[in-house]
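Read through the structure below, which is laid out as structure tokens, and then see the notes.
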There are 2 protein chains.
Amino acid sequence: MKGKIFIIEDEASIVQLIQHNLEKEGFVVSSSLNGNEGLKELKKFEPNLLLLDWMLPDLSGIDICKNIRRDSNFKSLPIIMLTAKGEEEDKIKGLESGVDDYVTKPFSFNELSARIKAVLRRSDPKVVANELIFEDLKLDRTEKRVFRSDKEIQLGPTEFRLLEFFLTNPKRVYSRDQILETVWPNNVNVESRTIDVHIRRLRQSINIEGKKELIRTVRAAGYSLI
Amino acid sequence: MKGKIFIIEDEASIVQLIQHNLEKEGFVVSSSLNGNEGLKELKKFEPNLLLLDWMLPDLSGIDICKNIRRDSNFKSLPIIMLTAKGEEEDKIKGLESGVDDYVTKPFSFNELSARIKAVLRRSDPKVVANELIFEDLKLDRTEKRVFRSDKEIQLGPTEFRLLEFFLTNPKRVYSRDQILETVWPNNVNVESRTIDVHIRRLRQSINIEGKKELIRTVRAAGYSLI
DNA sequence: TCTTAATGTTACAGAAATATTACAAATTAA
DNA sequence: TTAATTTGTAATATTTCTGTAACATTAAGA
């Protein structure tokens, strides 16, 4: 279950962009174009996180923050502040008045999304599942569990990291050296053939009856998740 | 055991909202849309708390309060008054005629719920359990008790905090360091292996005959509540 | 088809991580 | 105060994981 996000921002085009994209990611989103109204609506909406523009026509971001922190029901509502470039002092004020993170305009939606998730993961882990999915394979990073077709699979630590690595870039072929560099702790010396053995172990674990092989061998190149 | 709440409020939509949400929280709720009828029903229903709209078509909130306080069976019934914005003088009158708290419309359900619980905790602590539940495991924070399948379990202080911690985020894997940071008082120096021992003690206490293990070891990562 | 290089498979010993136990010091209750 | 409980640690036991080597199989080009 994804969380609820409220936006207070006076530029309608920005609101629209953010709202649309967040909804596509499964969040429930509501918004307001000005501070006073926004505060009221926010308290009715009860979001898990607030995106707050720092420069509003009526109320300043600081005032809104203060108001929110004073209300016992929203004392710990995570706030990400949206600030225009160069408003350095605002960032400082913002952090002082209890903002959790800030994003500088113009920003890419990906950046915003990543920060939202990071903040939510800290404050309210339940609302942001942290999983990697590929076909019928699912790896849950917070619970450290792996499922194939909803059937749980037990993996050792190395196989888990290995699969996690492949899942971050499905279909891409990685050489043994690349795998070693990323999946193994730095400065360890392991034979590159050792990877073959771990690949075998991983294959054995995730290949369940009747389902297709998920790891592809690319001769002279390496391995990939199909 | 959660308590019984009676609502006297003439706006049906508000009643419906509150009633539905309170029931979802485990309260038993009954309501009436007008004062005279409400008073009668209330006395039959014998609630632990009354939510009372201040502006009713027939009887005023003050009249209802007086009536209730005159009745020896309901002298100490906690009352939360619902008041429209700006009716400041009503709040004062309300508090004078023995209201325990008030909430201004429009309000968020969370706010109302928090106030209800606060009032009940003062007047009748038994009916607002402050408990964490996971499967057949129950931890009562106010009473500091733990139950597995309704059988009480004795835990030392550290094991209690440890279990409380796991219960706030079931299924999530925590590293020994994270556990140390959160469960132990700040700035103590404890070996991270010490946690293993406490986990063992906790396991021993909460694992009762015939019931499944509830704490999962995740190699190279930490522990989680299943 | 033969050759060869690359990958697959297996077994195993050592390593690493966790479980368990016992105990002494510290804390709390009686 | 004494007794009882709780805590942290170290020592030991147990389990699980890892890397490697040896051997088997496969693929692709000559």
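Chain naming here is simple, since letters A, B, ... match the order of the sequence lines and numbering starts at 1 in each.
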Aromatic ring pairing A:H198/A:W184, orientation class (parallel under 30°, perpendicular over 60°, tilted between): perpendicular

Figure out the [atom1]/[atom2] separation between [X] and [N], and round it to whole Å.
X	N	atom1	atom2	answer
B:L202	C:dT20	CG	C1'	16 Å
B:R201	C:dT21	CZ	C1'	10 Å
B:I179	C:dT18	CD1	C1'	13 Å
A:R200	C:dA11	CZ	C1'	12 Å
B:R176	C:dT18	CZ	C1'	7 Å
B:I199	C:dT18	CD1	P	11 Å
A:R193	C:dT9	CZ	C1'	10 Å
A:D196	C:dT9	CG	P	10 Å

Electrostatic pair B:E46:B:K4 at N-O distance under 4.0 angstrom: no

Neighbour count above 12 (heavy atom, 6.0 Å) for B:N73 CG: yes

Min side-chain heavy-atom separation B:I133-B:F147 under 4.5 Å: no

Side-chain heavy atoms of A:P47 within contact of A:I5, under 4.5 Å: no

To the nearest 0.5 angstrom, please state how far the [atom1] atom of [X] sits from the [atom2] atom of [Y].
X	Y	atom1	atom2	answer
B:D196	B:Y223	CG	OH	3.5 Å
B:Q19	B:I7	CD	CD1	5.5 Å
B:I199	B:T194	CD1	OG1	12.0 Å
A:I68	A:L42	CD1	CG	5.0 Å

Donor-acceptor pair (no angle test) under 3.5 Å: A:R203 side chain, C:dG8 base: no

Contact interval (first through last nucleotide) of DNA chain D with protein chain B, 4.0 Å heavy-atom: D:dT6 to D:dC17

Pairwise 5' ranking along DNA chain D for B:L155 and A:G156, keeping only the more 5' one: B:L155

Near-strand residues of residues 213-226 of chain B, defined as heavy-atom separation under 4.0 angstrom from DNA chain C: B:T217, B:V218, B:R219, B:A220, B:Y223

Touch class at under 4.0 angstrom, heavy-atom based, for A:Q154 against every strand present: nothing

